[in-house]
Protein chains: 4
Amino acid sequence: MFEQSSHPRSLKAKDSVLCATQELLADGGLPAATVDAISAQSGVSKATIYKHWPSRTAIAAEAFGKQMAAAIPLPDTGSARGDLTEQVRRVSAFYAGSNGKVFAQLLAASVTDPAAAPYFREYFLDARRAAIAELWQRALNRGEVRPSVSAGTATDILFGPLIFRLMTGHAPLTAEEADAISSAALDGLLQDHSRA
Amino acid sequence: MFEQSSHPRSLKAKDSVLCATQELLADGGLPAATVDAISAQSGVSKATIYKHWPSRTAIAAEAFGKQMAAAIPLPDTGSARGDLTEQVRRVSAFYAGSNGKVFAQLLAASVTDPAAAPYFREYFLDARRAAIAELWQRALNRGEVRPSVSAGTATDILFGPLIFRLMTGHAPLTAEEADAISSAALDGLLQDHSRA
Amino acid sequence: MFEQSSHPRSLKAKDSVLCATQELLADGGLPAATVDAISAQSGVSKATIYKHWPSRTAIAAEAFGKQMAAAIPLPDTGSARGDLTEQVRRVSAFYAGSNGKVFAQLLAASVTDPAAAPYFREYFLDARRAAIAELWQRALNRGEVRPSVSAGTATDILFGPLIFRLMTGHAPLTAEEADAISSAALDGLLQDHSRA
Amino acid sequence: MFEQSSHPRSLKAKDSVLCATQELLADGGLPAATVDAISAQSGVSKATIYKHWPSRTAIAAEAFGKQMAAAIPLPDTGSARGDLTEQVRRVSAFYAGSNGKVFAQLLAASVTDPAAAPYFREYFLDARRAAIAELWQRALNRGEVRPSVSAGTATDILFGPLIFRLMTGHAPLTAEEADAISSAALDGLLQDHSRA
DNA sequence: GAGTAACCGAGACGGTACGTCCTGTCTTGGA
DNA sequence: TCCAAGACAGGACGTACCGTCTCGGTTACTC
């Protein structure tokens, strides 16, 4: 029930590190969040940092993920189409902003650094995908979406294009583009009678 | 008529570099393709290498892109649905293999290294997207696909999910999954009368 | 009658530490006798260790000194020349062995770590020098040695060369070399007619 | 004849390093001469430093050795006794000063760091011992010293005691003590009638 | 053909970050 | 009251790679 660690200072150190990392990420993106810089800014020694995280990418993922957890609240418009359209728009806007840059750097770093991948997934993907899955299940119960399509597949189709554009920059992430994507994708995901 | 470059050695040097890089990529992925290693393996000095490319990622993009150019020939099944379904399957299979790993590393590196992004786009995205766009246009002419959806949007919806999975590894890239994606996506992209 | 110390654990802790340190020294020399390693091996916490010794070198000096106290018993051949020659030979042999290595490391560490120097002196030098001094005094009483030379100076002249060789390794520490040193030192370096 | 290195910058870098190290040694002794500090002070990167020397002790040995090469010129009083007595006095005075501290640290470090030992020997021992050997040979030719004693043994007997005292600090390094040592060593320790 | 550029290999170099190691202090909770 | 257990800051270590630079030899055009 309670934090029973015999050494509660761990918590203070972790907090300091995450807080310092957030500042560094905000200032200079992932490249600025070197372990040395985090150590200097947080007052936590490198050795301690490496006791808590396997790599700097993992730290950054946790720091940025926690900070961004509530940045994109799930919409509730009453309809699956409305919810999903809005959510695609929100995620697109998030990716388009300065946070999107950091997110992309983080995702990129997770590819290179296998130790960080689980952190990235935990702090960015899992919760969000679960929320979308719940939303999808509700819509399914209401008969709004095609039962043949799984929540995971739907999520990938709706948000994969945004990731694609974020990573390669081959197309903009404007609200119009977001709507174009969600509109085209939803026509295949929703039941016919739910289509616009 | 003849090669009239005043310094044809450039060409040999470029070739050597690209060839060496391909080998290094095949052996140890992008991390193995350090500039020092490329220089050593190719016999081309670092100075010369930096005369031809802005960064190691650019070299790797060009080397890997050229090698993979013909790895995924566009299908021609006679129908838009058939072509696109098959293409999604092929790309998915490519991503799932060992080359997909390198591709992911390359895409990740392009995020970090702005100088390499154009190379990545030229050698991986542009030609392929153009080909899909052409395929899309043909389908459009035949009335198989919805005119409201642009080729770019369609491409992103079909292949973005694969990129998403490749980068995060949150879901497998099997043929079944590829079909699930293309099937669900195409229902929104194709004209009603073309749907399965 | 019984162990009546108010904190008998101290004694046990000291013993454990010294014993553990001896093992570590035997296995890997001074570099292996890390405070963490000593703590782990002895089951005595670092805090407790630092209550008893000022530094790890001090621990090692005490541990190794106690162990080696009786390793080189003073000879008693009946004559000053015989005793001193034999003693130089014994010390040389000791230095030449694997224990000599540890001894050298300890002496070296004492230079760097001022807190350990008294420990080193207590456990290695004082008793031995006192013994030699006693031997010297006996010889003096018997008229065997020059009264103009103090016991300390004689000790330095006889054993300084061994230390010199041990530390720099510029010459071997064989029995022959030991004899050459003691012989020359005991006789003097100059020709008789050149002496003051 | 001339320095024909294809990369003369090596020399500048080496010089900078040695010069910076000398300053650091003068200011804070060997502990101050960390590789990081040397790098910072000299403007030479750590990687380059490690290309030229195997360890910081080696750098310090070379830097300090070169600086001190001429610090103790060999005396020439006309007699072996005079020369050797004076030389022992000079070396003792050198050891007693602040440079002696650094010398002791260097010798101590050479024990711990095998890679540095050759540097120490080259820059401190070899030349000096060779000079003494020459002096010894001259004295031998003049019949001043015993032919049964080698130059090396004589050197060890005369200077070993100084090293011994320098390292352990068990006795002072005053001029009087130096004279006591050289006098006793040159004459021998035993009474004439006790000698073999 | 000899002269003269541009070009190239080789690799040293400064810089930056890495991840590891050990020390000596300090804290906590249990015996 | 004392201790084991071990977290922690601090700081040096030696390594890796980057991208720049300099050197001296070679090549291939020019005259």
Side-chain angles (χ1 to χ4, degrees), chain A residues 4-14 16 31 33-40 42-56, chain B residues 4-10 12-13 16 31 33-37 39-40 42-51 53-57 113 115, chain C residues 6-10 12-13 16 31 33-37 39-40 42-51 53-57 113 115, chain D residues 4-14 16 31 33-40 42-56:
Chain A
Q4 283 296 339
S5 160
S6 59
H7 291 281
R9 296 166 88 190
S10 297
L11 299 178
K12 218 162 71 182
K14 279 196 88 166
S16 300
T34 66
V35 180
D36 281 331
I38 293 170
S39 173
S42 66
V44 172
S45 77
K46 283 170 58 175
T48 302
I49 292 175
Y50 278 107
K51 260 179 207 151
H52 290 304
W53 291 276
S55 75
R56 94 174 207 210
Chain B
Q4 283 299 337
S5 159
S6 57
H7 294 286
R9 296 162 89 191
S10 295
K12 222 163 72 181
S16 300
T34 66
V35 180
D36 282 332
S39 173
S42 66
V44 173
S45 79
K46 285 169 63 177
T48 304
I49 291 175
Y50 279 106
K51 261 178 208 153
W53 293 274
S55 76
R56 96 175 208 208
T57 319
D113 176 3
Chain C
S6 59
H7 295 287
R9 297 160 88 185
S10 294
K12 221 164 71 183
S16 300
T34 299
V35 180
D36 281 333
S39 172
S42 67
V44 173
S45 79
K46 285 168 64 177
T48 303
I49 291 175
Y50 278 105
K51 260 177 208 152
W53 292 275
S55 76
R56 94 171 209 216
T57 317
D113 175 4
Chain D
Q4 282 298 338
S5 160
S6 59
H7 292 279
R9 296 166 87 190
S10 297
L11 297 178
K12 218 162 72 183
K14 278 195 90 166
S16 300
T34 66
V35 179
D36 282 331
I38 293 171
S39 173
S42 66
V44 172
S45 78
K46 281 171 62 176
T48 301
I49 291 175
Y50 279 107
K51 262 178 207 151
H52 290 303
W53 291 275
S55 76
R56 92 174 209 209

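The basis for the numbers below is simple: all heavy atoms, side chains too, and nothing from hydrogens, waters or symmetry mates.
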Rounded to whole angstrom units, what separation is found between the [atom1] atom of [X] and the [atom2] atom of [N]?
| X | N | atom1 | atom2 | value |
| --- | --- | --- | --- | --- |
| A/Trp53 | E/dG19 | CH2 | C1' | 16 Å |
| B/Ile49 | E/dG11 | CD1 | C1' | 12 Å |
| C/Tyr50 | E/dT25 | OH | C1' | 9 Å |
| A/Lys12 | E/dT28 | NZ | C1' | 13 Å |

Which heavy-atom pair separates B/Lys46 from B/Ser39 by the least distance, and what is that distance?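 Closest heavy-atom pair between B/Lys46 and B/Ser39: N-OG, 3.7 Å.
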Check your understanding: So, for A/Ser16 and A/Val44, which heavy atoms are closest and what is the spacing to 0.1 Å?
Key ->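 Taking A/Ser16 first and A/Val44 second, the nearest heavy atoms are CB-CG2, 4.0 Å.
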The answer to which of B/Ser55 and A/Thr48 contacts DNA chain F further toward the 5' end, by nearest nucleotide, is A/Thr48
Assign each of C/Val44 and A/Lys51 to its nearest nucleotide of DNA chain F by heavy atoms, then name whichever residue's nucleotide is nearer the 5' end.
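Looking at DNA chain F, the more 5' nearest nucleotide goes with C/Val44.
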Checking F/dA9, E/dT20, F/dA12 against the side chain of D/Asp36 (C-beta onward), the nearest is F/dA12
Would you say [X] places a side-chain N or O within less than 4.0 Å of OP1 or OP2 belonging to [N]?
| X | N | answer |
| --- | --- | --- |
| D/Arg56 | F/dA12 | no |
| C/Ser45 | F/dA5 | no |
| D/His52 | E/dC13 | yes |

- [ ] Examine distances only and state if a side-chain atom of D/Ser45 and a backbone atom of D/Thr48 form a donor-acceptor pair shorter than 3.5 Å.
- [x]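 Yes.
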Exercise for the section: Using side chain to side chain contact (heavy atoms under 4.5 Å, CB included) as the criterion, list what pairs up with B/Pro54, not counting sequence neighbours. Expected result: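 Listed in chain order: B/Ala58, B/Ala115, B/Tyr119.
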Contacts of C/Asp113 and A/Val35 projected onto DNA chain E by closest heavy atom; the upstream (5') one is A/Val35
Residue pair B/Ser39/C/Ala33 against DNA chain E: nearer the 5' end by closest nucleotide is B/Ser39
Sorted by chain and number, sequence neighbours left out, side chain to side chain donor-acceptor pair (under 3.5 Å) with C/Ser42 holds for none
So for D/Lys46 and E/dG15, does any side-chain atom that can act as donor or acceptor lie under 3.5 Å from a complementary atom in the base? no
Review point. With a 4.0 Å cut-off on heavy atoms, is D/Ala47 in touch with a base, just the backbone sugar-phosphate, or nothing at all?
Key: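 The residue D/Ala47 makes base contact.
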